[in-house]
Chemist: 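Quick one: the structure is below, questions incoming.
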Protein chains: 2
Amino acid sequence: MRLSKTSEYALRVLSYMVNSDQQVFTAKKLVETLDVPDKYLRRLMTDMSKKGFIRSIQGRIGGYVLAKSADTLFLIDVIDAVEGIEKYNGCIMGHDKCSDSNPCSLHKSYIPLRKQELEFLSKTSISTLKDGTIRKF
Amino acid sequence: MRLSKTSEYALRVLSYMVNSDQQVFTAKKLVETLDVPDKYLRRLMTDMSKKGFIRSIQGRIGGYVLAKSADTLFLIDVIDAVEGIEKYNGCIMGHDKCSDSNPCSLHKSYIPLRKQELEFLSKTSISTLKDGTIRKF
DNA sequence: CTTAATTACTACACAGATATAGTATTTTAT
DNA sequence: ATAAAATACTATATCTGTGTAGTAATTAAG
């Protein structure tokens, strides 16, 4: 499972937010802490606020806050929003017509693994990331 | 697990070769059969022959043949050769210093899955793809 | 009101993966 | 020898994800 940079950044942000006791986070603070390019992070935050994962507060004392209860936001939601989940649901050989009834030669051995991946993404919520640890990387 | 197009193409070729009773395959034939761009496939075949997975035969009756016994060639070898395997071995959040002793907040839950993925790739040989079926997609 | 500190928007730049085009080389058949 | 059928090489084009730059809009403080 190889997420896009954008998904990685999104998860870093959410993981950081949920593990901090602060409520509001400025882009500046996130950039300093999380090793994510400034402008790119800002755009991502705007995107995520449009998706309803976070809420943005404009103006002088602005920033971002989590908008959903962390246990109702799952990895798969975040990934689907920022890069699309379809990629992780296709044939491993890229045959678009591969299916149970017309399987590629890897289908049978790969499907259980893919199922586990999707389960991991759909069952892991942002609250799972909450362990009270403030990490430095 | 989302392979690069190039890896997908490589696996399609090898799967097709191992499931056919032919010995020699021209690029023309592979392109017609496998829905892979002509010139791109040719370069990939040259690359794979340099890696020793296949042998290329030049000249008028040329083409490509499998160069290794199919049960000694594993998915991970192919993927590592054409796109590099490191990508599939990093932190899911992209922290380069993430490790067992300095884990990201997803580390513990993700590691078992990653292990399974790598096992799948290292244990699945090209001969696994051999089931005698000639597929059309 | 004016300034300062923040987010939002738009356009552009860069890099790597993917794809194409054209030419050269190799080998066989005649 | 020459032509034909194949692969090899090199350069360029395109596309997509990632990153940057500059300006506008919003809000609070003084």
Side-chain angles (χ1 to χ4, degrees), chain A residues 2-13 17 22-32 34-67 79-88 93-94, chain B residues 2-13 17 22-32 34-67 79-88 93-94:
Chain A
R2 173 73 192 333
L3 304 182
S4 71
K5 281 276 178 198
T6 316
S7 291
E8 289 178 359
Y9 295 161
L11 296 183
R12 284 191 218 172
V13 167
M17 289 176 89
Q22 277 186 260
Q23 292 298 311
V24 183
F25 302 82
T26 63
K28 188 156 174 281
K29 175 69 177 172
L30 294 172
V31 163
E32 283 167 357
L34 296 173
D35 188 33
V36 177
D38 187 322
K39 289 295 179 66
Y40 200 70
L41 173 94
R42 288 165 186 275
R43 191 163 59 193
L44 172 58
M45 297 307 279
T46 303
D47 290 349
M48 286 203 289
S49 77
K50 284 179 177 161
K51 297 288 181 180
F53 302 159
I54 57 182
R55 185 166 57 82
S56 84
I57 302 165
Q58 283 187 303
R60 181 162 181 161
I61 59 163
Y64 305 95
V65 297
L66 281 174
I79 293 167
D80 191 33
V82 307
E83 61 167 318
I85 198 65
E86 324 81 47
K87 309 180 198 170
Y88 299 97
M93 289 193 186
Chain B
R2 171 78 191 331
L3 304 183
S4 71
K5 282 275 179 199
T6 316
S7 291
E8 289 178 0
Y9 295 161
L11 295 183
R12 285 191 216 170
V13 167
M17 289 175 87
Q22 277 185 262
Q23 293 299 311
V24 183
F25 302 82
T26 64
K28 187 154 174 282
K29 176 68 176 172
L30 295 172
V31 163
E32 282 166 358
L34 297 173
D35 188 34
V36 176
D38 189 322
K39 288 295 178 67
Y40 200 70
L41 173 93
R42 288 166 186 274
R43 192 162 59 190
L44 173 59
M45 296 307 279
T46 304
D47 289 350
M48 286 203 289
S49 76
K50 283 177 178 163
K51 297 287 182 182
F53 301 161
I54 57 181
R55 186 166 55 83
S56 85
I57 302 165
Q58 283 189 305
R60 181 165 182 161
I61 57 165
Y64 304 95
V65 297
L66 282 175
I79 292 167
D80 191 33
V82 307
E83 61 167 318
I85 199 64
E86 323 80 46
K87 310 180 198 169
Y88 300 97
M93 290 195 185

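Letters go in sequence order (proteins before strands), and every chain restarts at 1.
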Chemist: Using side-chain heavy atoms (C-beta onward) and a distance below 4.5 Å, is Q22(B) in contact with M17(B)?
Modeler: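 Result no, sub-4.5 Å side-chain heavy-atom pair not found.
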Chemist: If I take atom CZ in residue F25(A) and atom P in nucleotide dT6(C), what distance separates them, rounded to the nearest angstrom?
Modeler: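 About 15 Å, once rounded to whole Å.
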Chemist: Within the distance-only criterion (no hydrogens, no angle test), does the side chain of Y64(B) pair as donor or acceptor with the backbone N or O of T46(B) below 3.5 angstrom?
Modeler: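 No; judged by distance alone, with no hydrogens or angles, the pair does not exist.
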Chemist: From NZ of K28(B) over to P of dA4(D), roughly how many Å is that when rounded to an integer?
Modeler: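 These atoms are roughly 16 Å apart.
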Chemist: Between T26(B) and dT7(D), is there a contact of a side-chain N or O with OP1 or OP2 at under 4.0 Å?
Modeler: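 For dT7(D), OP1/OP2 do not have a side-chain N/O of T26(B) under 4.0 Å.
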Chemist: Are the side chains of Y40(A) and T6(A) in touch, meaning some heavy atoms are under 4.5 Å apart?
Modeler: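 Yes, their side chains come closer than 4.5 Å.
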Chemist: Hey, does the side chain of Y64(B) come within less than 4.0 Å of dA6(D)'s phosphate (OP1/OP2), counting only N and O?
Modeler: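 Negative; the distance criterion is not met.
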Chemist: Has the side chain of R12(A) got a donor or acceptor atom that lies under 3.5 Å from a matching backbone atom of M93(B)?
Modeler: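 Yes; judged by distance alone, with no hydrogens or angles, the pair exists.
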Chemist: Quick one: which of dT20(C), dC9(C), dA28(D) gets closest to the side chain of R60(A)?
Modeler: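 So the nucleotide nearest the side chain must be dA28(D).
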Chemist: Could you give the CD1-to-P distance, from I61(A) to dT7(C), as a whole number of Å?
Modeler: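 After rounding, the reported distance stands at 12 Å.
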Chemist: For DNA chain C, whose closest nucleotide is more 5', that of G59(A) or that of S4(B)?
Modeler: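 Taking each residue's closest nucleotide, the earlier one in sequence belongs to G59(A).
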Chemist: Between dT26(C), dT28(C), dG19(D), which nucleotide has the shortest distance from any of its atoms to the side chain of Q58(B)?
Modeler: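 Output: dT26(C).
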Chemist: Measure from the side chain of T46(B), starting at C-beta and using heavy atoms only, and say which of dT18(D), dA8(D), dT7(D) lies closest.
Modeler: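 The listed nucleotide nearest to T46(B)'s side chain is dA8(D).
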Chemist: Scan K5(B) against the nucleic acid and name what it touches under 4.0 Å (heavy atoms): base, sugar-phosphate only, or nothing.
Modeler: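 Sugar-phosphate only.
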Chemist: Does dT18(C) have OP1 or OP2 sitting under 4.0 Å from an N or O in the side chain of T6(B)?
Modeler: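 Affirmative; the distance criterion is met.
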Chemist: Heavy atoms from C-beta onward define the side chain here; which of dT26(D), dT18(C), dG19(D) lies closest to that of R43(A)?
Modeler: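 For the R43(A) side chain, the nearest candidate turns out to be dG19(D).
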Chemist: Would you mind reading off the distance between K39(A) atom NZ and dC14(C) atom C1', rounded to a whole angstrom?
Modeler: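 Going from NZ in K39(A) over to C1' in dC14(C) covers 16 Å.
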Chemist: Are Y40(A) and dA13(C) close enough that a side-chain N or O sits under 4.0 Å from OP1 or OP2?
Modeler: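 False: Y40(A) side-chain N/O out of range (4.0 Å or more) of dA13(C) OP1/OP2.
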Chemist: Separation of D47(A) atom CG from dA8(C) atom P, in whole Å?
Modeler: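 That distance rounds to 10 Å.
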Chemist: Taking all non-hydrogen atoms of both residues into account, name the closest pair between L41(A) and V31(A) and its distance.
Modeler: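 What the structure gives for the nearest pair is CD2-CG2, 3.6 Å.
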Chemist: Send over the distance from Y9(B) OH to dA17(C) P, rounded to a whole Å.
Modeler: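 Going from OH in Y9(B) over to P in dA17(C) covers 14 Å.
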Chemist: Round to the nearest Å and state the distance from R55(A) atom CZ to dT6(C) atom P.
Modeler: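 So the CZ-P distance, R55(A) to dT6(C), works out to 17 Å.
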Chemist: Could you tell me the separation between the CZ atom of R42(B) and the P atom of dA24(C), rounded to a whole number of Å?
Modeler: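 Going from R42(B) (CZ) to dA24(C) (P), I get 17 Å.
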Chemist: For a quick check of understanding: with a heavy-atom distance under 4.0 Å over all strands, which category does K50(B) fall into, base, sugar-phosphate or nothing?
Modeler: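 Touches sugar-phosphate only.
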